[in-house]
Amino acid sequence: MLPELFFSIFCLFAFDPRACECVILAGGASRALNEFSFEQLLCLKTFRLPAYKTTKFTSPLDIPVEFVEKNVKLRGKLHHITEKGLEVEHIPISIPFITAIQRKWQPEGLLLIRLAGVELAPGSTAWLQRELLPKQPLWFQLLGRDSSALECLVLVHKGRLLSMCLNEELLSQGLGRAARIEGLPHHSRLYWKLHKRLLRAELKAVKKNKGIWKDQSYSERIQERISSNKFLLRLKQFVSWVRSSTER
């Protein structure tokens, strides 16, 4: 009976990780199956296997809402670089023995990922094609989504200890402009934390005359960024409103 029981447990893990109540041992899993007594089987308990551990996402709408709300990081593998964004295969967390079986039934498809908070400039696609390897492993942090694409911070490892945020790197190379981060509430702490990072990266390119900023003087570039930045304009309008209210 025991081998059949554990085979059933294995099948629950392998074929229905989203919804099934899976049975696991409270301890002693390393011993042979035929050594378990009836009393030890009474120590079995149930738990729900989280979907993200084994589920492969092939569409933005497949991803649970709470993943986006909690800004979860997912692992992926780059397939194509297009004008619309990065086409990435989601690589779910692997579980020994189970993942190999699940691959036979996993759906095929790629996620379209946009670099959140970055308005890409001409030359950005060519730069990405030079910098990223075919089948490049990467991590993408969920910030927002619509029916066709995900808004993400994209992280690429450079060596064992270093990683590069593509969003910031493109801005620091002068290959884009800092823009609104779609999907995040603009009043949230995370929004302004990330937006400040992106503005700092952009300022590096402005100071060094890189990319789209190389044909203008420093003062002209700063003035252009201030005049074109909707958030700074709103902030100025808010400050003016506060001042006028206090003077009344």
Exercise. Look at the side chain of W192 and the backbone N and O of H186, then say whether any donor-acceptor pair between them is shorter than 3.5 Å.
Key: yes
Quiz item: What's the shortest heavy-atom distance between P92 and T55, and which atoms?
Solution: CB-O, 3.4 Å
Quiz prompt | Atom pair CG (L111) and OG1 (T58), whose distance is rounded to the nearest 0.5 Å | solution = 7.0 Å
Practice problem: Please name the pair of heavy atoms, one in L142 and one in C152, separated by the smallest distance, quoted to 0.1 Å. | Solution: CD2-SG, 4.0 Å
Quiz item: Of all heavy-atom pairs between L171 and A178, which one has the smallest distance, and what is that distance?
Solution: CD2-N, 3.5 Å
Quiz prompt | Hydrophobic cluster identity match, L194 and Y191, side-chain contacts under 4.5 Å | solution = yes
Quiz item: OG/S59 to CG/L110 distance, rounded to the nearest 0.5 angstrom?
Solution: 11.5 Å
Quiz item: For the residue pair A205 and G174, what are the closest heavy atoms and their distance?
Solution: CB-N, 3.5 Å
Quiz prompt | Mutual orientation of the aromatic rings belonging to H90 and F57 [parallel < 30°, tilted 30-60°, perpendicular > 60°] | solution = parallel
Practice problem: Compare all side-chain heavy atoms of N71 with those of L153 and state whether any distance is below 4.5 angstrom. | Solution: no
Exercise. Determine whether K77 and P137 make a side-chain contact, defined as any pair of heavy atoms from C-beta on separated by less than 4.5 Å.
Key: no
Quiz item: Within a radius of less than 6.0 Å around CD of E66, do more than 12 heavy atoms belonging to other residues, nucleotides or ligands occur?
Solution: yes
Quiz item: Which atoms form the tightest heavy-atom contact between V88 and G76, and what is the distance?
Solution: CG1-CA, 3.8 Å
Exercise. Applying side-chain contact (heavy atoms from CB on, under 4.5 Å), run through R200 and K204 and close with a yes or a no.
Key: CA-CA 7 Å; R200 284 196 210 101; K204 290 180 183 178; 5.7 Å; no
Self-check item: N-O pairing of K56 and E89 below 4.0 Å
Solution: yes
Quiz item: Okay, side chain of R75, backbone of L138: is any donor-acceptor separation there less than 3.5 Å?
Solution: no
Exercise. Report the distance from atom OG of S124 to atom CD of Q173, rounding to the nearest 0.5 Å.
Key: 12.0 Å
Quiz item: Any donor-acceptor pair under 3.5 Å linking the side chain of D146 with the backbone of E151?
Solution: no
Quiz item: K84 versus S148: any side-chain heavy-atom pair under 4.5 Å?
Solution: no
Exercise. Starting at CZ of F67, measure out to CG of D62 and round the result to the nearest 0.5 Å.
Key: 11.5 Å
Quiz item: Any side-chain heavy atom of E168 sitting closer than 4.5 Å to one from L198?
Solution: yes
Quiz prompt | V154: which of I113, L132, L128 passes side-chain contact (heavy atoms from CB on, under 4.5 Å) | solution = I113
Practice problem: Consider only side-chain heavy atoms of I, L, V, M, F, W and Y, link residues closer than 4.5 Å, and tell whether L112 and F140 are in one cluster. | Solution: no
Practice problem: Begin with the C-alpha distance, continue with both residues' side-chain angles, and end with the deciding distance and a verdict on side-chain contact (heavy atoms from CB on, under 4.5 Å) for L86 and L166. | Solution: CA-CA 11 Å; L86 308 178; L166 290 183; 4.1 Å; yes
Quiz item: Cluster question for you: counting only ILVMFWY and a side-chain heavy-atom cut-off of under 4.5 Å, with indirect links fine, are W139 and V118 together?
Solution: no
Quiz item: Is a donor on one side and an acceptor on the other found under 3.5 Å between the side chain of Q136 and the backbone of L133?
Solution: yes
Self-check item: Shortest non-hydrogen contact between E202 and G176, atoms and distance
Solution: OE2-O, 4.2 Å
Self-check item: I181 CD1 to R197 CZ distance, which is reported to the nearest 0.5 Å
Solution: 9.0 Å
Self-check item: Hphob cluster co-occupancy, L61 + I63, side-chain heavy atoms under 4.5 angstrom
Solution: no
Self-check item: Pair K158-E131, side-chain contact (heavy atoms from CB on, under 4.5 Å): steps then yes or no
Solution: CA-CA 11 Å; K158 291 289 186 180; E131 290 294 316; 4.1 Å; yes
Exercise. Would you confirm whether R114, through its side chain, and E182, through its main-chain N or O, come within 3.5 Å as a donor-acceptor pair?
Key: no
Quiz item: Is V72 reachable from L190 through a run of I, L, V, M, F, W or Y residues, each pair having side-chain heavy atoms under 4.5 Å apart?
Solution: yes
Quiz item: From R177 CZ over to L170 CG, what is the distance, rounded to the nearest 0.5 angstrom?
Solution: 14.0 Å
